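Take a look at the structure set out below.
Counting starts at 1 for both ligands and their atoms, following the listed order. Keep in mind that what you see is a predicted model, and the values were worked out from it rather than measured. Only this structure's heavy atoms are used, side chains among them; waters, hydrogens and symmetry mates stay out.
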Amino acid sequence: MLTIKISDLSPVEIQGYLNYAVAPRPICLASTIDLAGNINLSPFSYFNIFSVNPPVCVFSPSRRVRDNTTKHTLENILEVPECVINIVNYDIVQQVSLSSVEYGKGVNEFVKSGLTMLPSELVKPPRVTEARVQLECIVKDVISLGDHAGAGNLVIAEIKLIHIDEAILDSAGKIDQAKIDLVARLGGDWYCRVTTESLFNVAKPNKNIGIGVDAIPFAIRNSKILTGNNLGQLGNVEALPTTMDIEAYAQLPGVKELFDGEDSQTQVHLKAKRLLEDGKVEEAWKVLLVTAL
Ligand SMILES: Cc1cc2nc3c(=O)[nH]c(=O)nc-3n(C[C@H](O)[C@H](O)[C@H](O)COP(=O)(O)O)c2cc1C
């Protein structure tokens, strides 16, 4: 394991390590306006949601690592504490990247990127028509994290209105994670796209109190076949199957044969692993516990 002291690194090196490791980051395409009415549009991936009641987003227009100058977005927000956070999807990612070019003060990056302005209902900066989710926000606070090059400025933005393109909703009126087609920023020039193929579910542990990995019998916990993810699934059950359930399972066709061969423990663990990969956690537990009968 490489261990590096921050004091031995330059800001560029720190940025390099952190941007690659703390990723993927969602992208906020922030629209702002100055007192003279000049509109600005720029992307920020030091961004997330931090509260739902009140609903608050934070993003960070940092001081430039190169020359310690501040960004127009920050300057605008200090003049007019409002913004629209437009959520970035795959169809606009190249235009979003273009909007990050350091155009001069007063240049409207909507025009430069070819994205379309849509009047907001509550705040002065316009929305991005092409974005499928647009959040109208009032800026509550700006917290400077320092005066040196690379220092962040936390823009604490309270969401007042949420606009959602109906095309990304499911039949229940909720946002369909597969339809929103999000992209995220990683290190350097890397981005990733959330596709149907890259999406997967992890059963929420907070509905039930899982037994925990420490409660899994030693021979299973120390399996050479089951992975940490497999143990996480096994530890997430609220209770083990009952003896009656396991006995009933042992009678099913094909189950006894699992224990006939030479290396039956390997066969059992391989079978349990396949079941876990298919999300069949209860059946995996039964297979693993049949020998304990
Ligand atoms: C996808 C993406 C994410 C970015 N994230 C950030 C960020 O979180 N913080 C930041 O200071 N700059 C970020 N940048 C760079 C700014 O967008 C860039 O400095 C821009 O010129 C700022 O514009 P402004 O001076 O008009 O506000 C990002 C650029 C891209 C393309």
(message) If the cut-off is 4.0 Å to any non-hydrogen atom of Pro61, which atoms of ligand 1 fall inside it?
(response) 11 (O)
(message) Could you check whether Glu282 pairs with Lys280 (Lys NZ or Arg NE/NH1/NH2 to Asp/Glu carboxylate O, under 4.0 Å)?
(response) no
(request) Could you tell me the residue and atom name of the protein heavy atom closest to atom 5 (N) of ligand 1, and the distance to it rounded to 0.1 Å? (result) Ser45 N, 2.8 Å
(message) Does any N or O of ligand 1 fall below 3.5 Å from an N or O anywhere on Ser97, backbone included?
(response) no
(message) Can you name the atoms of ligand 1, numbered from 1 with element, that are less than 4.0 Å from a heavy atom of Arg64?
(response) 25 (O)
(message) We want to know whether Ser42 and Glu109 form a side-chain donor-acceptor pair, criterion being a heavy-atom distance below 3.5 angstrom.
(response) no
(message) If I apply the N/O under 3.5 Å rule, does Tyr191 come out as touching ligand 1?
(response) no
(request) Starting from Val111, walk the hydrophobic network (Ile, Leu, Val, Met, Phe, Trp, Tyr; side-chain heavy atoms closer than 4.5 Å) and list everyone else you reach, by chain and number. (result) none
(message) Could you identify the single nearest non-hydrogen protein atom to atom 8 (O) of ligand 1 and state the distance to 0.1 Å?
(response) Tyr46 N, 2.8 Å
(request) Show which atoms of ligand 1 fall inside a sub-4.0 Å distance from at least one heavy-atom site of Ser42. (result) 22 (C), 23 (O), 24 (P), 26 (O), 27 (O)
(message) Can you tell whether the side chains of Glu82 and Lys124 come within less than 4.0 Å, N to carboxylate O?
(response) yes
(message) Test your reading of the structure: does Pro43 have an N or O sitting under 3.5 Å from an N or O of ligand 1?
(response) yes
(request) Scan side-chain atoms only and decide if Thr69 and Arg64 contain a donor-acceptor pair under the 3.5 Å cut-off. (result) yes
(request) Taking all heavy atoms of Leu41 and all of Ser113, pick out the closest pair and write down the distance. (result) CD2-OG, 4.3 Å
(message) Looking only at protein heavy atoms, which one is nearest to atom 9 (N) of ligand 1, and what is the separation?
(response) Ser60 O, 2.9 Å
(request) Under 4.0 Å from a heavy atom of Thr73: give me the atoms of ligand 1 that qualify, with their elements. (result) 24 (P), 27 (O)
(request) Can you pull out the closest protein heavy atom to atom 20 (C) of ligand 1? Residue, atom name and distance to 0.1 Å, please. (result) Ser100 O, 3.2 Å
(message) Hydrogens and angles aside, do His163 and Glu136 bring a side-chain donor and acceptor to less than 3.5 Å of each other?
(response) yes
(request) For atom 19 (O) of ligand 1, find the nearest protein heavy atom and state the residue, atom name and distance (0.1 Å precision). (result) Lys71 NZ, 2.8 Å
(message) Can you confirm, on distance only, whether ligand 1 has an N/O atom lying under 3.5 Å from any N/O atom belonging to Arg185?
(response) no
(message) Under a 4.0 angstrom heavy-atom cut-off, which atoms of ligand 1 come close to Ser62?
(response) 10 (C), 11 (O)
(message) Under a 4.0 angstrom heavy-atom cut-off, which atoms of ligand 1 come close to His72?
(response) 24 (P), 25 (O), 26 (O), 27 (O)
(message) I need the atoms of ligand 1 closer than 4.0 Å to a non-hydrogen atom of Asn40, numbered in the order shown.
(response) 24 (P), 26 (O), 27 (O)
(message) Quick check against the 3.5 Å criterion: does Ser120 have a side-chain atom that pairs as donor or acceptor with the backbone of Leu122?
(response) no
(request) For Glu109 and ligand 1, answer yes if some heavy atom of the residue is under 4.0 Å from a ligand atom, otherwise no. (result) yes
(message) Heavy-atom distances under 4.0 Å decide this one: backbone, side chain, both or neither, for Ser99 against ligand 1?
(response) neither
(message) For Arg185 and Ser45, which I'm curious about, is there any donor-acceptor pair between the side chains at under 3.5 Å?
(response) no
(message) Between ligand 1 and Tyr103, can you find any atom pair, the residue atom being a heavy atom, that is separated by under 4.0 Å?
(response) no
(message) Quick test of your reading of the model: are Asp245 and Lys286 salt-bridged, counting only N-O distances below 4.0 Å?
(response) no
(request) Check for a donor-acceptor pair, side chain of Asn86 on one end and backbone N or O of Leu29 on the other, with a separation under 3.5 Å. (result) yes
(request) Check whether the side chains of Thr227 and Asn229 place a donor and an acceptor atom closer than 3.5 Å, and report yes or no. (result) no
